[in-house]
Amino acid sequence: MRLSDETLIDIMTRFRKEMKNGLSRDFNPTATVKMLPTFVRSIPDGSEKGDFIALDLGGSSFRILRVQVNHEKNQNVHMESEVYDTPENIVHGSGSQAVLITWTKRFKASGVEGADVVKLLNKAIKKRGDYDANIVAVVNDTVGTMMTCGYDDQHCEVGLIIGTGTNACYMEELRHIDLVEGDEGRMCINTEWGAFGDDGSLEDIRTEFDREIDRGSLNPGKQLFEKMVSGMYLGELVRLILVKMAKEGLLFEGRITPELLTRGKFNTSDVSAIEKNKEGLHNAKEILTRLGVEPSDDDCVSVQHVCTIVSFRSANLVAATLGAILNRLRDNKGTPRLRTTVGVDGSLYKTHPQYSRRFHKTLRRLVPDSDVRFLLSESGSGKGAAMVTAVAYRLAEQHRQIEETLAHFHLTKDMLLEVKKRMRAEMELGLRKQTHNNAAVKMLPSFVRRTPDGTENGDFLALDLGGTNFRVLLVKIRSGKKRTVEMHNKIYAIPIEIMQGTGEELFDHIVSCISDFLDYMGIKGPRMPLGFTFSFPCKQTSLDAGILITWTKGFKATDCVGNDVATLLRDAIKRREEFDLDVVAVVNDTVGTMMTCAYEEPTCEVGLIVGTGSNACYMEEMKNVEMVEGDQGQMCINMEWGAFGDNGCLDDIRTHYDRLVDEYSLNAGKQRYEKMISGMYLGEIVRNILIDFTKKGFLFRGQISEPLKTRGIFETKFLSQIESDRLALLQVRAILQQLGLNSTCDDSILVKTVCGVVSRRAAQLCGAGMAAVVDKIRENRGLDRLNVTVGVDGTLYKLHPQFHPSGHTSRMSRGSTEFKSQRQSRKHPYKSTPSLKRWKTEIPRGDGTSPGHSGSW
């Protein structure tokens, strides 16, 4: 019965294999360790409250408890209970009607195995007829123990019973549980480890005494591990060993009494009494005398030794199987060292004088990379049932409130069609001379009258200013049979003090960076043509002149609004007195995107940016552009659609969180549509929702950390990472920890849900706006069906894993739209070539019905 650490580690390995089999859909039917899902998905967080009745059935008696849970600063649980005996004729009688897999602990009531015990209890309540009860949860005593301790220590994620029977449960990652749908979050698994070894996997360590106990049990061949370790059988194991030793003349001078031969005369409580440090030998003499064997002092010492060996083996075996669970938890978390709490209940653990010490010592040897706190459960099985019920009630109420909050972000098809309709109306107001000045969507002429035709040739400088970083580029365009575009670029940062300083400081900084780039490329000298991509709302009076209407994206440089940005750049170049450039064109980044993609795809007539900010442009018929003379041909219109809704036309779909983000922005009341869809603001919307949910106790245990209070900390790139299909919740938690947010698994699920809701709405609103644009082009040309290509750029569109599928599926136009996304080459950090990524879609009629064209994204 003495087991070496090598043997115990081997048992750990065997149990890990059995756990894996039990979790697998393929192997579960034949697995001995059943690894039963409990559908308990969360431990208590301390906010539970309510008045509950618990029924605790698990042995020769059962309890009915009233459990009152108060949510106060000092968490308080008040319990009242009554204990009732279970008559022997009922224990072995017939049942009336979870599904019970098998009886243990000497229960044998017929007609119950394989039946739903909730239905049986409801039937019995109904049959009685004098009261009613809402049965919320069926809880195993082990799960109850974990939940009871989890109320006091929220790090508790393992429950352990070592008493009349034995079992363990723990919080498993849902992605590993084949028998339950879904892969996000955790669920408590009731291992039912008492059946470990029923397939013969422990035969090499079972003794003749274990086999004799099994043969004489009510369930031979079953619960073999439990029969080696639990309180129901340890006393009987000791008795059988004493009988054999007496027969061999090693004890009691060979005397064997009828009492010694009688099953059940030597109990586990006797083992505990004999192993007490001081009075153990005295207790042994009394107990053995009661059995009529007249023991000598040496007999008492030998019997104490036998008891020690039997109970020590039990502690070692339980340590080995618990060690396997702890190693699995550590591996699931991907951490080199596990810190966790184990909730424990059971008479053997609690009352045996040496058991817990031996058990802890062995466990530390077997799993040295785990720091484990053991927490004794108070009325675990009964109180735990109430806790599971309390958690279920809490989660149901939380779910209702969360759904109610997030429902404001869900946009129906009719709502999106209405957004499209309003965008069309605002476009018309911006195009007309009479209404242009008061229009929210400015529809600015760009003076770009045609897209590339492939004959373009030459070397050009480009300046791309649109955010906290800007680029200076040398672009070499070669026409001919093999058209090529070669680009060299360098990225420069704009410090916040310059972004929000004076206009002169801003443009001097830009020119200083241009000077650095010219030196870097070795081309300072000849006067080169420059295209200036300026990604802010501008009123262009010609191709090379643009008057800044307003700053966006956090810029606040003074003395710029109302001035020609090309002139501001030229003046800064003159102040530098190092080089000269010919500023040929001032181009919005959206227009630049359309032109880049049109160079490779002639059907590209729309540009879309969904990044830090958002905007769109398209080729409009000159006859509709009332702000520019002439009605022949086309002109690219820079919509500046970020301001859509500034006149209040989107107020019915803006949420409380949109208003908060707007209120604390640098340009309150402006760019409202952009603030609902662009990368600069989505993270802030999410952060404000998370703060609200934390205040309500739904997240982060109700504790608002300093990082969460910090505006701008939740960058949109984190949304992209969190929403990745390939990202497990463990990695989501790691991202939140980078932000200083110590999250649980449940927190991670909710954060991921919030990110998904916010980004999906952004994509749908963007899709509704684009549907208005392509419908406008189609109607301009009097076509029943339009085939058009949209050139797309922006980090949100490119990097967010769900953004473009959600936006494309906002199908509200008639025709076929192909989206082409600019992609950057990674061959050299300062060289890039545009390549195209394509999506094709069916676009239904304006009324939302499909014209029958088939396609796929």
Side-chain angles (χ1 to χ4, degrees), residues 184 406 409-411 416 466-469 535 553 589-590 593 597 606-616 641-642 655 657-658 661 671 673-690 712-729 731-732 734-736 738-739 748-771 790-811 817-824 826 835-841 857:
E184 290 193 345
L406 297 183
F409 289 87
H410 294 298
L411 302 177
L416 291 170
T468 53
N469 295 317
S535 307
K553 306 172 191 174
D589 58 344
T590 321
T593 295
C597 293
V606 183
L608 173 65
I609 297 287
V610 195
T612 305
S614 182
N615 195 15
W641 78 1
T655 68
Y657 306 103
D658 295 310
V661 169
Q671 301 295 109
Y673 183 61
E674 182 173 75
K675 288 170 185 172
M676 297 169 79
I677 66 175
S678 75
M680 174 167 271
Y681 302 100
L682 296 192
E684 264 304 280
I685 295 173
V686 168
R687 187 184 70 87
N688 278 283
I689 297 173
L690 299 187
I713 191 173
F714 207 95
E715 299 175 34
T716 300
K717 70 176 182 181
F718 295 126
L719 270 75
S720 300
Q721 293 170 1
I722 286 170
E723 284 200 73
S724 171
D725 286 334
R726 299 183 301 276
L727 202 64
L729 286 178
Q731 294 163 291
V732 174
I735 292 170
L736 293 175
Q738 289 175 29
L739 298 172
S748 301
I749 294 172
L750 183 50
V751 169
K752 190 169 184 178
T753 298
V754 171
C755 290
V757 166
V758 171
S759 61
R760 179 175 176 81
R761 184 192 68 159
Q764 289 178 322
L765 285 173
C766 189
M770 185 49 56
V790 177
V792 193
D793 202 1
T795 51
L796 184 59
Y797 184 92
K798 286 181 173 181
L799 301 181
H800 193 287
Q802 310 296 337
F803 194 91
H804 50 73
S806 295
H808 294 174
T809 50
S810 299
R811 294 153 46 176
T817 306
E818 183 173 330
F819 290 83
K820 293 179 174 286
S821 173
Q822 291 179 269
R823 307 285 286 199
Q824 186 120 345
R826 297 186 182 180
S835 61
L836 303 176
K837 186 172 182 179
R838 307 179 183 211
W839 296 268
K840 292 185 178 179
T841 181
W857 287 105

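Values below: every heavy atom of this structure, side chains too, minus hydrogens, waters and symmetry copies. Heads up: numbering here begins at 1 and tracks the sequence.
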Participant: State the OH-CG distance between Y657 and N688, to the nearest 0.5 angstrom.
Facilitator: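 Interatomic distance, Y657 OH to N688 CG, rounded to 0.5 Å: 8.5 Å.
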Participant: Any idea which heavy atoms bring V792 and C597 closest together, and the distance?
Facilitator: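 That closest heavy-atom pairing would be N-SG, 4.4 Å.
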Participant: By side chain to side chain donor-acceptor pair (under 3.5 Å), which residues pair with S614, not counting sequence neighbours?
Facilitator: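 With neighbours one apart ignored, the set is W641.
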Participant: Answer yes or no: is there a side-chain heavy-atom contact under 4.5 Å between K798 and V610?
Facilitator: no
Participant: Using the test side chain to side chain donor-acceptor pair (under 3.5 Å), find all partners of S678 that sit at least two apart in sequence or belong to another chain.
Facilitator: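 Side chain to side chain donor-acceptor pair (under 3.5 Å) list for S678, sorted by chain: empty.
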Participant: Output yes when D658 and K675 qualify as a salt bridge under the 4.0 Å nitrogen-oxygen rule, no when they do not.
Facilitator: no
Participant: For T753 and L406, which heavy atoms make the closest approach, and how far apart are they?
Facilitator: CG2-CD1, 4.1 Å
Participant: Working to the nearest 0.5 angstrom, can you tell me the gap between R760 CZ and H800 NE2?
Facilitator: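 If I round to the nearest 0.5 Å, the distance is 11.5 Å.
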Participant: So, taking the atom named CZ in F714 and the one named CD1 in I689, what distance separates them when rounded to the nearest 0.5 Å?
Facilitator: 10.0 Å
Participant: What are the two closest non-hydrogen atoms of L765 and L416, and how far apart are they?
Facilitator: N-CD2, 4.3 Å
Participant: Give me the atom names and distance for the closest heavy-atom approach of L608 to T590.
Facilitator: N-CG2, 3.9 Å
Participant: Within this structure, what is the CG-CD1 distance for the pair L682 and I677, rounded to the nearest 0.5 Å?
Facilitator: 8.5 Å
Participant: How long is the span from the OG1 atom in T795 to the CE atom in M680, to the nearest 0.5 Å?
Facilitator: 10.5 Å
Participant: Please name all residues satisfying side chain to side chain donor-acceptor pair (under 3.5 Å) with T612, sequence neighbours left out, ordered by chain then number.
Facilitator: none
Participant: Which residue pairs pass the salt bridge (Lys or Arg N to Asp or Glu O under 4.0 Å) test when at least one of the two sits in residues 677-688, sequence neighbours left out?
Facilitator: E684-R687
Participant: Just verifying a value: how many Å separate I609 CD1 and E674 CD, rounded to the nearest 0.5 Å?
Facilitator: 11.0 Å
Participant: L736 and S748: which non-hydrogen atoms are nearest, and at how many Å?
Facilitator: CD1-OG, 4.2 Å
Participant: Between G756 and S759, what is the shortest heavy-atom contact and its length?
Facilitator: O-OG, 3.3 Å
